[in-house]
Amino acid sequence: MSAPDERLATVTLAAYLGTRLRQLGVEHLFGVPGDFNLDLLDGLAVDGPAWVGSPNELGAGYAADAYARSRGLGVVVTTYGVGELSVLNALAGAAAEDVPLVQVVGAPRRAAVQTGALIHHTLADGDFGHFSRAAAEVAVAAETVTAERATEQVDAVLLAAVTHRKPGYLAVPQDLALAPVDAAPLARPLVAHSDADALAAFEARLTELLATAQRPVLVVGQLVPRFGASDDLAKLAERHGIAVVTQLSARGVLDPGHPAFAGDHAGAMLANGTAELVEAADVVVHVGTALTAELTGFGSHRRPDADTPFLAAAEAGFGATPVGRVLLRDALAALDRALDARTGPRFERSAAVPASVVELAGPLTQAQLWSVLAGVLPTGTALLADTGTAYYGALGMPLPADTVFSGQPIWSSIGYALPAVLGQGLAEPGRRPVLVIGDGAAQMTVQELSSIAAAGLAPVVLLLDNRGYTIERALQSPRAVYNDVAAWDWRALVAGFTGGRAGYADAGTGEELVDALAEAFADTGRMRVVRAVLDADDTPPLIDELARLANAAKQQRAGNTTDTV
């Protein structure tokens, strides 16, 4: 499918949008049709990215989120009102996790809006702005297209999303979707630039701070993989011999064997020495970090001070003060040049501690599960771990080389990772997805198994069946009935949703899990689902530590008489 000729005087608005998306590397659109977006979809179908439908809009939003993490931009298309509100959870998650997810909404005709018509998918009050105002709360840029500024608005939303790695929102009135617009802007790529003076000021002070640093450390966060800068960071760290620790949201940015990799970092929550390494550093550089409770071990990390350099999506600075508009890639290049002047010693990583041997006898345990998965997980996969025991169990598992690790440690919306398999698999077809998800989370979005199968993807799905929300049991009220979920016939469900195109196995012991996963990874031509049966109260060690820190923080708040929350 060829893109519209950019030398044409005019193209339809839908064609303009489709061309811009393909210029930015988008080859798939996710979504659900509805009467207000049908003209838009017909226009996009001519020369735009390929359509990937989902059973509901939230799943489509999650899939587009995962696609954006790999491709640099993802798009979900919905109808007005009922469709767009279903995506709002995904849009908010993208805002929290620094993901350039753009929601394109097919909106009612301008005449209906101007007259306040009482039509379907509205609140029947004549106000058509309720939902765009809601989206604007979480989007970096939100526009409802007008005839006068259509291409300008499209470009503004897309450029803001890719520049800031934040979600965008674009509403296209039904009667404008196929309207002609000026094609001339398509000849100009959408590119943002740093402020030259701000970049120079940042580099000058950064060079000064690092010149004599003996124990510098880079704390790396989620913006590095969001910008596709992992390789640049790896080369920089090896060239200069500077220690790197990765936040949980950036796990896998450096291969485990990289000479500069000192380990994952979440304050005192991880007993791997990174908290002590960062505490002893004379300069700590924050590269694309987010300092949320879970990512900092509930505030047990070393806090930045006025001499702490930071690199963010579109600004850089020191402490809490930005010097101005400095894009992340330009800031990384400045960091590389600043390290050229450093005269201190190179970082020498400690010898790796051998993994403990886990016996496989008896009913399957969390310890056995993560030991077995670590032993069979191939290189070159994308490991997606859903919120809960799946995510925190996977954090304690060593990763093989060239592993993309993905989850939602900040937004933590359970069920995200299952539809994310669809987006990840289409974004990187050469990298097999491996999903680890709890039964409670899977029940949220399980219908996306049908989309995954229809797309011809062949992930390995490891379903942790512990009869409910075990992470919540660990945090509070383990016997509360609200932590239980209904029992499902997973074998029948997988067959039904995939039309028999997926293999299935149950595993109740360590030996059974070894056999089931070995067979699943050997069968590369189709989806394989392995249901691991676990005790409802069995948790990976990091869940226990998370619960301990969360309860300690709760007790501290309870003792603070000024805390009204």
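Any value given below was found using the heavy atoms of this structure, including those in side chains, with hydrogens, waters and symmetry copies removed.
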Pairs satisfying side chain to side chain donor-acceptor pair (under 3.5 Å), at least one member in residues 367-391, at least two apart:
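Only Q366-W370 qualify under side chain to side chain donor-acceptor pair (under 3.5 Å).
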
Answer yes or no: is there an ion pair linking [X] with [Y], defined by an N-O contact shorter than 4.0 Å?
X	Y	answer
R531	D439	no
E545	R548	yes
R325	E315	no
D402	R431	yes
D336	K235	no

With [X] via salt bridge (charged side-chain N to carboxylate O under 4.0 Å, His left out) - residues at least two apart:
X	answer
R69	D65, E97
D330	none
D544	none
D98	K166

Using atom types as modelled and distance alone, determine if a side-chain donor or acceptor of [X] lies under 3.5 Å from a backbone N or O of [Y].
X	Y	result
T207	E203	yes
R303	G299	yes
R226	P100	no
T163	A160	no
D305	T308	yes

Run the ring-ring contact (aromatic ring centres under 6.0 Å, His included) test against [X] and tell me which residues pass, sequence neighbours left out.
X	result
F227	none
Y169	none
Y67	H28, F30

Would you list the pairs meeting ring-ring contact (aromatic ring centres under 6.0 Å, His included) in which at least one residue belongs to residues 303-347, sequence neighbours left out?
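Of all non-adjacent pairs touching residues 303-347, those that pass ring-ring contact (aromatic ring centres under 6.0 Å, His included) are F202-F318.
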
Not counting sequence neighbours, which residues clear side-chain hydrogen bond (donor to acceptor under 3.5 Å, both in side chains) with D538? List them please.
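With neighbours one apart ignored, the set is empty.
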
Can you name the side-chain contact (heavy atoms from CB on, under 4.5 Å) partners of P189, sequence neighbours left out?
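P189: side-chain contact (heavy atoms from CB on, under 4.5 Å) contacts with V191.
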
I'd like a table of donor-acceptor pairs (distance under 3.5 Å, sequence neighbours excluded) in which one partner is a side-chain atom from residues 263-271, with atom names and distances.
residue, atom, partner, partner atom, Å
D264, OD1, T246, OG1, 2.8
D264, OD2, R251, NE, 2.7
H265, ND1, T274, OG1, 3.2

